[in-house]
Amino acid sequence: MPAVQETVERVKRIDVDQYRYGFETLIESDKAPKGLSEETVKFISEKKNEPAWMLQWRLEAYRRWLTMTEPTWARVDYPKIDFQDLYYYAAPKPKKTVTSLDEIDPEILKTYEKLGIPLREVAMLEGVEPKPGEEDPARRKIAVDAVFDSVSVATTFKAELKKAGVIFMPISEAIREHPELVQKYLGSVVPTSDNFYATLNSAVFSDGSFVYVPPGVRCPMELSTYFRINERNTGQFERTLIIADKGSYVSYLEGCTAPQRDENQLHAAVVELVAHDDAEIKYSTVQNWYPGNSEGKGGIYNFVTKRGDCRGNNSKISWTQVETGSAITWKYPSCILRGDNSRGEFYSIAISNGFQQVDSGTKMIHLGKNTSSRIISKGIAAGKSQNTYRGLVTAHRKATGARNFTACDSLLIGDKCGAHTVPYIEAKNSSATFEHEATTSKISEDVLFYCVQRGLSQEEAVGLVVNGFVKDVLQQLPMEFAVEAQKLISISLEGSVG
Amino acid sequence: MALLEVKDLKVRVEEREILHGLTLTVNEGEIHAIMGPNGSGKSTLSHVIAGKPGYEVTDGQILFKGEDLLEMAPEERAAKGVFLAFQYPVEIPGVTTMNFLRTALNAQRKARGESELMVPDFLKKVREVSKSLNIPQDMLKRGVNVGFSGGEKKRNEVLQMALFEPSLCILDEMDSGLDIDALRIAADGVNALHSPKRAMVVITHYQRLLNYIVPDVVHVMSKGRVVKSGGKELALELEESGYTQFEDAA
Ligand SMILES: Nc1ncnc2c1ncn2[C@@H]1O[C@H](COP(=O)(O)OP(=O)(O)OP(=O)(O)O)[C@@H](O)[C@H]1O
Ligand SMILES: [Mg+2]
């Protein structure tokens with residue numbers, strides 16, 4: 001190797017190692033200049049040391065984005081976003097890495113305290129010890145790829161994953177280390193031209209996770225990413241790509257919290273999943289970003305594009321989400337059921353309180369033969385919030401024997417909130433069987449009084465009843481997540497009854 | 001000593017007065033029966049004692065162990081020992097009975113400044129009590145009252161009563177919907193809780209229940225007042241002659 005080349009390689013490696021070991025050396029926080037232009041896109045690509053093809057890809061997306069307009073069909077209402085008034089890239093400041101609890105926003109700590117669990121990072125990094133005779137310890141470990149601001153700074157459990165042949169790393173690293181995989185799959189599920197926010201993400205995405213599970217491998221642990229939004233006024237554009245090769249299995253957990261702030265924050269993530277023949281991907285999210293203050297100010301705008309492609313025969317993709325945060329949620333994790341006998345699942349709990357607006361649901365696109373899908377959606381609206389389920393189920397002409405079951409239940413707490421169900425169903429062949437059930441109910445005063453008479457406070461009673469209402473979905477979550485989610489649900493409904 | 005003192009209680013529901021100055025004193029260790037025609041206000045009285053929202057107390061007083069009960073939140077009353085076995089127990093889907101029992105018991109203990117009951121102790125206690133009430137363990141794994149038969153729902157109320165060990169038990173028509181065997185089992189459960197420190201108020205339409213749970217005092221309610229009180233023979237008398245004799249008194 002020529003000397004110059006060697007030096008370049010070494011410098012790159014140092015860069016990578018700094019991420020891995022949590023910024024022991026000082027790195028100045030640097031931001032891209034405010035606003036969005038080709039310069040911004042180039043700046044980001046350069047910061048990430050990206051190959052030329054990646055920059056090209058971004059620039060094409062950017063040019064495309066310039067021709068697009070923001071979608072307005074969702075039942076959400078917010079002031080116009082000035083895209084030139086945002087920062088599109090911010091590297092973390094060294095002080096933001098978590099080396100001691102003192103450095104974490106007290107608001108976040110308070111939430112953890114209420115959740116009754118030790119800091120999530122700690123629990124995860126140390127793995128969760130199984131109770132005797134409960135489960136294979138290896139299965140219950142969780143690997144964390146923490147995303148602080150826009151850059152992944154910590155990756156653990158690498159060795160064990162490496163042994164299994166699983167690639168789990170920040171996508172920025174994967175672009176450099178596994179370009180052939182990234183080039184093959186990036187944008188293959190959510191094309192750069194897909195929608196306004198996905199296109200924006202393609203131009204300026206900062207970081208996210210990359211997972212590749214080789215054929216026949218059952219990923220030895222739950223993979224987990226832990227998102228945070230720290231920098232003021234920084235748009236967050238995460239990009240996640242997960243590929244399960246033939247006959248493999250992976251379960252991925254995504255969870256996030258955010259500190260309190262005044263200005264609205266834009267978040268437009270893209271998640272792409274690819275499942276080949278006989279492969280299965282389970283993707284679970286617990287989302288509790290700052291929803292805004294009591295007047296509804298300052299919450300996060302969450303415009304997410306999540307899509308899974310059941311590319312192979314007998315493949316399966318399952319989305320489970322618990323949405324409790326954000327001022328605005330615009331999110332439709334979907335499945336393209338391309339392979340014959342493939343299966344898509346969507347389990348969702350969406351809670352809105354205060355002034356939150358949620359427009360969420362799923363799309364199940366049946367293309368292959370004998371494909372099946374299942375949608376269980378539980379919407380809970382409290383305060384002055386609006387909660388909409390929007391779902392699409394379609395069966396293509398060739399999708400003979402397609403089956404779908406949909407159950408949408410809404411629960412209203414109080415009389416100033418709203419719940420809406422907007423199902424679209426399209427069957428282009430006569431052998432498809434689609435079932436749809438929907439209910440809307442109000443939390444019953446008699447049930448609450450029964451609980452209160454037995455000693456529960458009004459808030460505990462609401463938490464208990466709501467947790468019962470969402471039980472079917474909670475059960476789909478991995479254990480660690482389910483326990484936390486359950487508490488989170490109670491917390492997010494605090495103050496929802498007089 | 002007086003455990004519960006209801007003095008000249010007047011209660012309105014949606015602008016309509018339902019209790020028109022009701023007075024009732026229940027001492028520790030006593031069993032009181034309240035009888036009276038449909039709509040005379042029996043359930044209303046039990047709801048007001050337990051603190052159900054929607055009732056406006058326009059006059060009078062309720063003292064419990066000498067304290068003003070009307071000042072307390074309903075969960076506070078529960079923690080202090082007021083228990084109401086409902087005429088119509090509700091269903092709570094998705095919340096297992098076991099989880100409900102534990103959550104409620106711990107909430108009460110916490111409110112009293114006691115520590116949470118350890119899981120093994122809790123389980124042991126539940127098992128004992130449910131066995132004596134002929135409640136299969138499987139039922140405890142189901143959602144609270146979900147798919148329970150009428151009799152099972154009532155037994156579940158008695159189970160909670162036994163578990164929470166309240167000092168005042170109000171039983172609103174616990175005999176309705178019970179077959180003869182179930183009635184005996186439930187009544188035995190109630191009798192097992194009888195103690196010198198605990199009082200029972202048994203609301204019923206039928207003298208039959210009072211063969212199993214023998215009252216010290218029987219009250220007749222009519223049109224929102226207690227119109228007559230007496231010994232257990234009053235119940236027999238009512239069974240004979242009905243309520244018409246009291247209509248005028250009310
Ligand atoms: N929420 C309410 N709104 C209007 N009226 C009410 C309400 N609750 C009770 N009432 C009225 O108050 C009166 C007393 O009712 P309550 O249920 O206390 O009677 P009860 O003695 O328990 O009768 P039963 O033997 O049938 O159970 C009835 O006339 C009833 O219609
Ligand atoms: Mg009644």
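What you see below is based on every heavy atom in this structure, not just the backbone, and it leaves out hydrogens, waters and symmetry mates. Every chain is numbered from 1 and lettered A, B, ... according to where its sequence line falls, protein lines coming before strand lines.
When all heavy atoms of B:Pro74 and A:Phe449 are compared, the closest pair comes out as CB-CE1, 4.1 Å. Of all non-hydrogen atoms in A:Leu456 and B:Glu75, the two that sit nearest each other are O-CB, 3.3 Å. Minimum heavy-atom separation, B:Ala78 to A:Gly455: CB-N, 3.7 Å.
Contact count against chain A (heavy-atom pairs under 4.5 Å) is highest for B:Gly51 among B:Pro89, B:Ala79, B:Gly54, B:Gly51. Contact tally against chain A (heavy-atom pairs below 4.5 Å) for B:Gly143, B:Ala104, B:Gly94: the top residue is B:Gly94. The greatest number of non-hydrogen atom pairs below 4.5 Å with chain A, out of B:Gln108, B:Gln160, B:Lys110, is found for B:Gln160.
In this structure, the portions of B:Phe83 lying under 4.5 Å from any heavy atom of chain A include both its backbone and its side chain. Heavy atoms of B:Pro166 lying under 4.5 Å from chain A are absent altogether. The part of B:Asn99 that comes within reach of chain A is its side chain, from C-beta onward, which places non-hydrogen atoms under 4.5 angstrom from that chain. Looking at A:Gln453, both its backbone and its side chain come within 4.5 Å of chain B, counting heavy atoms on both sides. Contact annotation for B:Ala111: neither backbone nor side-chain heavy atoms come within less than 4.5 Å of a heavy atom of chain A. Within the 4.5 angstrom heavy-atom criterion, no atom of B:Glu76 approaches chain A.
Looking at heavy atoms from C-beta onward, A:Arg454 lies out of side-chain contact with B:Leu101 at the 4.5 angstrom threshold. Contact of the A:Cys451 side chain with the B:Ile92 side chain is registered, since non-hydrogen atoms from C-beta on lie closer than 4.5 Å.
The 12-atom threshold is exceeded at NZ of B:Lys65, counting heavy atoms of other residues, nucleotides or ligands nearer than 6.0 Å. Few gaps surround CD on B:Gln61; more than 12 heavy atoms of other groups in view lie less than 6.0 Å from it.
Aromatic ring pairs are classed by plane angle as parallel below 30°, tilted from 30° to 60° and perpendicular above 60°; the pair B:Phe86 and A:Tyr450 is tilted.
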Please evaluate residues A:Lys471 and B:Val95 with respect to the criterion side-chain contact (heavy atoms from CB on, under 4.5 Å), reporting the C-alpha separation (whole Å), side-chain torsions for both, the decisive distance (0.1 Å), and the verdict. CA-CA 8 Å; A:Lys471 189 183 184 189; B:Val95 179; over 6 Å; no
